[in-house]
Participant: 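Sharing a structure below in structure tokens format, with a few things to ask.
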Amino acid sequence: RVQCVLFDERLVDARVLGEDPETDLALLQLELPDDLKTRGLPAAAWGDSSAMQEGAYVMALGSPFGFTRSISLGILSNTRRYIGFQTRYKYSLWFQTDAAINPGNSGGPLVNTAGEIVGINTLGSFGADGIGFAIPSATAREVTERLRRDGKVLRAWVGVELQPLVDFEHNTFFVAESGVKIAGVEADSPAQEAGLRSGDLLLSAGGTPLHGRYVEDLPAVRKILAELPAGRPVPCRVRRGDPPQELALTLTPLNKGKLEGDDFDCERWNMTVKEISKFGNPYIAFYRPEGVFIQGVRYEGNAAESGLQPFDI
């Protein structure tokens, strides 16, 4: 159940029109009383996140630790931060800010000095001061429009792990002017079936040249691959030596692969179980490709008293 508190402190229900776990965004529709349907709601305007520069003042709004209607002030520390190393959020770059983002700020707006929404507060770094992350408004607008239209964000599954040509994180450097390095290929994936190998240089896909020189370029490359048509062969150009090779890649719709497995609340057991998915739970799926695992256990409760624990399969 989702509820929202309005500007006049009225509590209303909301329903989820769609969600995109890969960007941690969802679109809600408020179930408004008749008087507000007629009068309408005040709404903040979107700002242009692409126009924001490092050092610009921003404010993070939200309810940190339950303290409602809180505002913290800071600057943009970086406008093109890649955080895909530590998280699953690999399809966009992020704003880094020193405006305080604590539990309860997530989902709140990051606004510029004109009061326009330039980002959605999402992550804070616990144990570090002044390091928080927000989804740029350009990404949020694109994803929410797709959720409004389709109810989900349709992506294709390739099954490759990408690495930039100049990788400072791992101190490796690939001599090439363009393309992106394939660092790994998943078993039984479309990439493996097409003949792609770890170490290949992927030059183009579906006729679109790929440029993955630095880690900040990887989200754009992943987005190109994810938006290729699924279910039919797509030409890919690969360099594994000389001359470059042409391969045919037939992608699988990621949404049919169930990015997030289904949940089930076992009320009498006082626990929740979740379906194993190689997309949402790759480490569990490695050991047990099918089945369910315990997602949460309530204390005191029947499951806890029986010795069942989270992540039991």
Participant: Which heavy atom of Glu290 sits nearest to which heavy atom of Ile276, and what is that distance?
Facilitator: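 Answer, listing the atom of Glu290 first, then Ile276: O-CD1, 3.8 Å.
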
Participant: Does Met59 share a hydrophobic cluster with Met52, counting links as ILVMFWY side-chain heavy atoms below 4.5 Å and allowing steps through other members?
Facilitator: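 Looking at the clustering, Met52 is in a separate group from Met59.
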
Participant: Keeping Thr122 on the side-chain end and Ile120 on the backbone end, is there a donor-acceptor pair under 3.5 Å?
Facilitator: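 Yes.
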
Participant: Taking atom CG of Asp8 as the centre, report whether more than 12 heavy atoms of other residues, nucleotides or ligands fall under 6.0 Å from it.
Facilitator: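 It does: Asp8 CG has more than 12 such atoms within range.
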
Participant: Taking C-beta and beyond as the side chain, do Ile131 and Gln96 meet within less than 4.5 Å on heavy atoms?
Facilitator: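 The answer is yes; the side chains approach within 4.5 Å.
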
Participant: Treat each ILVMFWY residue as a node, draw an edge where side-chain heavy atoms are under 4.5 Å apart, and state whether Ile101 and Tyr82 are in one component.
Facilitator: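 No, no single cluster joins them.
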
Participant: What distance separates Leu202 CG from Ser178 OG, expressed to the nearest 0.5 Å?
Facilitator: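 Nearest 0.5 Å value for the CG-OG distance: 10.5 Å.
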
Participant: Is it true that a side-chain atom of Asp98 and a backbone atom of Ile75 form a donor plus acceptor pair closer than 3.5 Å?
Facilitator: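 Judged by distance alone, yes, a pair lies under 3.5 Å.
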
Participant: Between Ala140 and Trp46, what is the shortest heavy-atom contact and its length?
Facilitator: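 Where Ala140 meets Trp46 most closely, the heavy atoms are CB-CH2, 3.9 Å.
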
Participant: Spell out, yes or no, whether Leu61 and Leu123 are grouped together once hydrophobic residues are joined by side-chain heavy atoms under 4.5 Å, including indirect joins.
Facilitator: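 Yes, it is one cluster - the side chains of Leu61 and Leu123 are joined through contacts under 4.5 Å.
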
Participant: Of all the heavy-atom pairs spanning Val215 and Pro219, show the shortest one and how long it is.
Facilitator: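 Here Val215 and Pro219 meet closest at O-CD, 3.7 Å.
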
Participant: Between Lys152 and Leu147, what is the shortest heavy-atom contact and its length?
Facilitator: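 For Lys152 versus Leu147, the nearest heavy atoms are CA-CD2, 3.6 Å.
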
Participant: Without swapping roles, check the side chain of Glu54 against the backbone of Thr79 for a donor-acceptor pair under 3.5 Å.
Facilitator: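 Judged by distance alone, yes, a pair lies under 3.5 Å.
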
Participant: So, does Ser204 use its side chain to make a donor-acceptor pair with the main chain of Cys236 at under 3.5 Å?
Facilitator: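 The answer is no, because no donor-acceptor pair under 3.5 Å joins these two groups.
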
Participant: Quick check: are there more than 12 heavy atoms from other residues, nucleotides or ligands sitting under 6.0 Å from OH of Tyr287?
Facilitator: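 Open.
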
Participant: If we ignore hydrogens and angles and just use 3.5 Å, is the side chain of Arg146 paired with the main-chain N or O of Leu154 as donor and acceptor?
Facilitator: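 Looks like yes, one N/O pair under 3.5 Å.
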
Participant: Tell me, yes or no, whether the heavy-atom count around Arg10 atom CZ, taken from other residues, nucleotides or ligands under 6.0 Å, exceeds 12.
Facilitator: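 Above 12, so yes.
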
Participant: Arg288 vs Phe293, test: side-chain contact (heavy atoms from CB on, under 4.5 Å). Steps then yes/no.
Facilitator: CA-CA 10 Å; Arg288 185 65 60 86; Phe293 68 95; over 6 Å; no

Participant: Using the salt bridge (Lys or Arg N to Asp or Glu O under 4.0 Å) rule, take Asp265 and Arg298 through it: C-alpha gap first, then chi angles, then the decisive distance, then the call.
Facilitator: CA-CA 11 Å; Asp265 185 10; Arg298 193 179 77 193; over 6 Å; no

Participant: Within a radius of less than 6.0 Å around CG of Asp188, do more than 12 heavy atoms belonging to other residues, nucleotides or ligands occur?
Facilitator: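 No.
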
Participant: Going from OG on Ser306 to CH2 on Trp269, what distance comes out if it is rounded to the nearest 0.5 angstrom?
Facilitator: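 Answer for the OG-CH2 pair, Ser306 versus Trp269, is 5.0 Å.
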
Participant: Under a 4.5 Å cut-off applied to non-hydrogen side-chain atoms, are Thr68 and Ser63 in contact?
Facilitator: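 Side chain of Thr68 against side chain of Ser63, heavy atoms only: contact under 4.5 Å found.
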
Participant: Quick check against the 3.5 Å criterion: does Ser72 have a side-chain atom that pairs as donor or acceptor with the backbone of Ala100?
Facilitator: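 Such a contact is found between Ser72 side chain and Ala100 backbone.
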
Participant: Answer whether the closest heavy-atom distance between the side chains of Glu193 and Thr250 falls below 4.5 Å.
Facilitator: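 Glu193 vs Thr250: side chains apart.
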
Participant: Report yes or no: do Val180 and Leu247 belong to one cluster of Ile/Leu/Val/Met/Phe/Trp/Tyr joined by side chain heavy-atom distances under 4.5 Å?
Facilitator: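 Linked within one cluster.
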
Participant: Report the distance from atom CG of Asn302 to atom CG of Asn270, rounding to the nearest 0.5 Å.
Facilitator: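 These two atoms lie 5.0 Å from each other.
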
Participant: Centre of Tyr214's six-membered ring, under 6.0 Å away, within 45 degrees of the axis: is that where NZ or CZ of Arg80 sits?
Facilitator: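 Negative - Arg80 is either too far from the ring of Tyr214 or too far off its axis.
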
Participant: Flag yes if more than 12 heavy atoms outside Gln53 fall under 6.0 Å of its CD atom; otherwise flag no.
Facilitator: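 No, CD of Gln53 has 12 or fewer neighbouring heavy atoms, counting only those of other groups under 6.0 Å.
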
Participant: Could you report the tightest heavy-atom contact between Pro244 and Arg239, atom names first, then the distance?
Facilitator: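 Distance-wise, the nearest heavy atoms are CG-NH2, 3.5 Å.
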
Participant: Apply side-chain contact (heavy atoms from CB on, under 4.5 Å) to Asp13 and Arg1, showing your working.
Facilitator: CA-CA 8 Å; Asp13 289 330; Arg1 184 180 184 186; 3.5 Å; yes

Participant: Do Val111 and Val118 have side chains that get closer than 4.5 Å, going by heavy atoms?
Facilitator: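 No, every pair of side-chain atoms sits at 4.5 Å or beyond.
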
Participant: For the backbone of Gln163 and the side chain of Lys181, can you confirm whether one donor and one acceptor N or O come within less than 3.5 Å of each other?
Facilitator: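 The answer is no, because no donor-acceptor pair under 3.5 Å joins these two groups.
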
Participant: Check step by step if side-chain contact (heavy atoms from CB on, under 4.5 Å) holds for Leu218 and Lys90.
Facilitator: CA-CA 8 Å; Leu218 294 186; Lys90 301 178 184 293; over 6 Å; no

Participant: Please answer: with hydrophobic residues joined when any side-chain heavy atoms are less than 4.5 Å apart, are Leu25 and Ile117 in the same cluster?
Facilitator: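 Yes: a chain of side-chain contacts under 4.5 Å links Leu25 to Ile117.
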
Participant: Quick one, Tyr89 and Trp94 - any side-chain contact, counting heavy atoms below 4.5 Å?
Facilitator: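 The answer is yes, as the side chains (C-beta and beyond) meet within the 4.5 Å cut-off.
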
Participant: For Asp200 and Val185: C-alpha separation, side-chain torsions, deciding distance, then whether side-chain contact (heavy atoms from CB on, under 4.5 Å) applies.
Facilitator: CA-CA 10 Å; Asp200 285 350; Val185 177; over 6 Å; no

Participant: Quick one: pull up CG in Asn121 and CG in Leu110 and give me the separation to the nearest 0.5 Å.
Facilitator: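 Spacing of CG (Asn121) from CG (Leu110) equals 5.5 Å.
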
Participant: For Gln295, does its backbone N or O pair with a side-chain atom of Thr272 as donor and acceptor, under 3.5 Å?
Facilitator: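 No; zero donor-acceptor contacts below 3.5 Å.
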
Participant: Check whether any side-chain heavy atom of Leu6 lies under 4.5 Å from a side-chain heavy atom of Leu30, and answer yes or no.
Facilitator: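 Heavy-atom side-chain distance check passes, below 4.5 Å.
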
Participant: If I take atom OG from residue Ser106 and atom CZ from residue Phe133, how far apart are they, to the nearest 0.5 angstrom?
Facilitator: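 If I round to the nearest 0.5 Å, the distance is 12.5 Å.
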
Participant: Counting only heavy atoms from other residues, nucleotides and ligands, does the tally under 6.0 Å from CD of Glu246 exceed 12?
Facilitator: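 Atom CD in Glu246 is crowded, with more than 12 foreign heavy atoms closer than 6.0 Å.
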
Participant: Backbone N or O of Arg213 within a donor-acceptor pair of the Asp217 side chain at under 3.5 Å?
Facilitator: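 Judged by distance alone, yes, a pair lies under 3.5 Å.
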
Participant: Around atom CZ of Phe173, are there more than 12 heavy atoms from other residues, nucleotides or ligands closer than 6.0 Å?
Facilitator: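 Yes, CZ of Phe173 has more than 12 neighbouring heavy atoms, counting only those of other groups under 6.0 Å.
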
Participant: For atom CZ of Phe67, is the number of surrounding heavy atoms from other residues, nucleotides or ligands below 6.0 Å larger than 12?
Facilitator: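 Open.
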
Participant: How long is the straight-line distance from CD of Glu22 back to CZ of Arg222, given to the nearest 0.5 Å?
Facilitator: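 CD of Glu22 is found 10.0 Å from CZ of Arg222.
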
Participant: Taking all heavy atoms of Thr144 and all of Leu27, pick out the closest pair and write down the distance.
Facilitator: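 In terms of heavy atoms, the two residues are closest at O-CD2, 3.7 Å.
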
Participant: For the residue pair Val166 and Phe168, establish whether any side-chain heavy-atom pair is separated by less than 4.5 Å.
Facilitator: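 Side-chain contact under 4.5 Å: yes.
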
Participant: Answer whether the closest heavy-atom distance between the side chains of Phe95 and Val58 falls below 4.5 Å.
Facilitator: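 No, every pair of side-chain atoms sits at 4.5 Å or beyond.
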
